[in-house]
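Atoms within a ligand are numbered from 1 in the order they appear, just like the ligands themselves.
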Amino acid sequence: SINPTVADIDITTGASSWLWAVFAIMVFTMLITMGWAFTIPPGQRTFHYLTIAILGTASVAYFSLAADLGATAIPVEYLHGDTNPRATRSIWYVRYIDWVITTPLLLLELLLVSGLPLSAIFGTVFADEVMIITGLVGALVPSTYKWGYFTFGNVAMFGVFYVLYGPGLASARRHGGEIKKTYVTGAAILSFLWFCYPIAWGLCDGSNTISPAGEMVFYGVLDILAKPVFAMIHLFSMRKVDYAALGL
Ligand code: RET
């Protein structure tokens with residue numbers, strides 16, 4: 001542990017260095033997006049502003065993780081090679097504060113290109129918030145009831161995927177052309193990456209199978225792909241999309 005006040009099972013200094021590197025990536029890509037936004041007419045910066053907000057939030061979250069802050073000690077039931085029945089593991093609730101802000105914004109980046117009505121978009125954002133908050137509560141619950149919250153979260157995530165591949169895809173197909181291409185690529189990347197988060201949760205926050213250092217690598221790689229990489233691919237793809245056709 002590099003922070004003796006947190007928990008028995010905590011990050012290592014090696015994990016902290018990796019987290020500072022992820023922090024630097026988030027800050028750097030945010031600054032690049034800010035510069036890029038200046039080169040674009042103000043009426044067409046919607047997706048740049050969303051990206052700046054996402055990467056700014058992630059920067060603060062990774063600053064917290066790297067400093068080993070934003071965690072609380074939770075008794076763990078399933079101890080990996082540990083026989084101390086009172087052992088606690090650090091649960092970084094700061095992750096969920098990041099996600100409750102950034103996952104709705106990531107969904108907006110995608111769904112604003114689908115041409116779906118706002119009613120459908122708001123419904124999807126609500127399911128997304130249920131997914132993150134149940135994940136947070138489940139992570140903080142010390143008993144096996146945590147898996148109940150985990151189940152609710154997965155149901156909510158499949159609700160989000162239903163909109164992406166049902167009405168969202170149908171609407172993007174009706175628009176066709178660059179709108180359809182941008183949407184289909186974004187939906188494929190987003191759904192593949194998001195599907196990996198509950199797996200990480202199950203192995204880390206949930207069952208304490210992977211060490212906190214491994215947790216930081218697992219979520220860290222996912223966060224780099226789901227935030228800066230996803231956003232850059234999306235912003236490049238959006239250069240060819242006609243804003244007026246989407247009513248933006
Ligand atoms: C939890 C646990 C409860 C069940 C499910 C989850 C899904 C989380 C997801 C998070 C996505 C985060 C992103 C962050 C950006 O960098 C909360 C882990 C389904 C999909 C994209």
Side-chain angles (χ1 to χ4, degrees), residues 18-19 21-23 25-30 33 50-66 70 74 89 91-111 124-141 144-165 186-210 212 214-234:
W18 155 251
L19 292 165
V22 182
F23 165 71
I25 291 171
M26 298 299 182
V27 173
F28 179 73
T29 50
M30 179 189 70
T33 312
L50 284 170
T51 302
I52 292 163
I54 290 163
L55 296 174
T57 306
S59 300
V60 179
Y62 269 89
F63 175 87
S64 313
L65 294 175
I74 297 294
R89 176 183 173 114
I91 296 293
W92 283 270
Y93 57 80
V94 72
R95 262 187 220 303
Y96 301 88
I97 301 176
D98 167 335
W99 295 349
V100 84
I101 297 169
T102 57
T103 56
L105 299 179
L106 287 161
L107 275 180
L108 275 183
E109 288 219 13
L110 181 63
L111 289 175
T124 316
V125 166
F126 174 74
D128 176 85
E129 285 166 347
V130 171
M131 173 184 86
I132 301 301
I133 300 296
T134 53
L136 168 63
V137 175
L140 297 176
V141 164
T144 47
Y145 280 108
K146 66 166 73 249
W147 298 103
Y149 290 96
F150 180 67
T151 307
F152 298 141
N154 280 289
V155 170
M157 183 179 72
F158 280 101
V160 172
F161 289 174
Y162 163 75
V163 177
L164 299 193
Y165 284 97
I189 299 173
L190 186 146
S191 56
F192 171 76
L193 292 173
W194 286 32
F195 187 79
C196 299
Y197 281 86
I199 298 173
W201 191 101
L203 294 170
C204 305
D205 317 51
S207 69
N208 189 34
T209 305
I210 293 181
E215 167 185 338
M216 294 308 176
V217 174
F218 199 150
Y219 280 131
V221 169
L222 284 176
D223 285 350
I224 292 169
L225 295 174
K227 287 194 177 103
V229 173
F230 170 82
M232 291 306 145
I233 292 172
H234 192 72

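Remark: ligand 1 atoms within the under-4.0 Å shell around heavy atoms of Gly153 are 4 (C), 19 (C). Counting the atoms of ligand 1 from 1 in the order shown, those under 4.0 Å from a heavy atom of Pro198 are 5 (C), 7 (C), 19 (C). Remark: ligand 1 atoms within the under-4.0 Å shell around heavy atoms of Gly135 are 2 (C), 3 (C), 17 (C). Near Ala226, meaning under 4.0 Å from any of its heavy atoms, are these atoms of ligand 1: 21 (C).
Looking only at protein heavy atoms, the nearest one to atom 2 (C) of ligand 1 is Trp201 CD1, 3.6 Å. Nearest protein neighbour of atom 21 (C) of ligand 1, counting heavy atoms only, is Trp194 NE1, 3.2 Å. The nearest heavy-atom contact from the protein to atom 10 (C) of ligand 1 is Tyr197 CG, 3.5 Å. Ranking protein heavy atoms by distance to atom 17 (C) of ligand 1, first place goes to Met131 O, 3.6 Å.
Of all heavy-atom pairs spanning Lys146 and Val141, the tightest one is NZ-O, 2.8 Å. Shown here for Ile54 and Thr102, the closest heavy-atom pair between the two residues is O-CG2, 3.7 Å.
At most 12 heavy atoms of other shown residues, nucleotides or ligands fall within 6.0 angstrom of atom CZ in Phe63. Within a 6.0 Å radius of CZ in Phe152, other residues, nucleotides and ligands contribute 12 heavy atoms or fewer.
A distance of 10.5 Å separates CD in Glu129 from CD1 in Ile101, rounded to the nearest 0.5 Å.
Considering Met157, Lys227, Arg95 only, the shortest heavy-atom separation from atom 19 (C) of ligand 1 involves Met157.
Checking only distances, Asp223 does come within under 3.5 Å of ligand 1, N or O to N or O.
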Donor-acceptor contacts, no H, no angles, side chain residues 222-230, under 3.5 Å, sequence neighbours left out:
| residue | atom | partner | partner atom | Å |
| --- | --- | --- | --- | --- |
| Asp223 | OD1 | Tyr197 | OH | 2.6 |
| Asp223 | OD2 | Tyr62 | OH | 2.7 |
| Lys227 | NZ | Asp98 | OD1 | 3.0 |
| Lys227 | NZ | Asp98 | OD2 | 3.1 |

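Sequence neighbours left out, not one pair with a member in residues 152-161 passes salt bridge (Lys or Arg N to Asp or Glu O under 4.0 Å).
The closest approach between Thr103 and ligand 1 falls below 4.0 Å for a heavy atom of the residue.
Under the side chain to side chain donor-acceptor pair (under 3.5 Å) rule, Asp205 has a single partner from Trp92, Tyr96, Tyr93, which is Tyr96.
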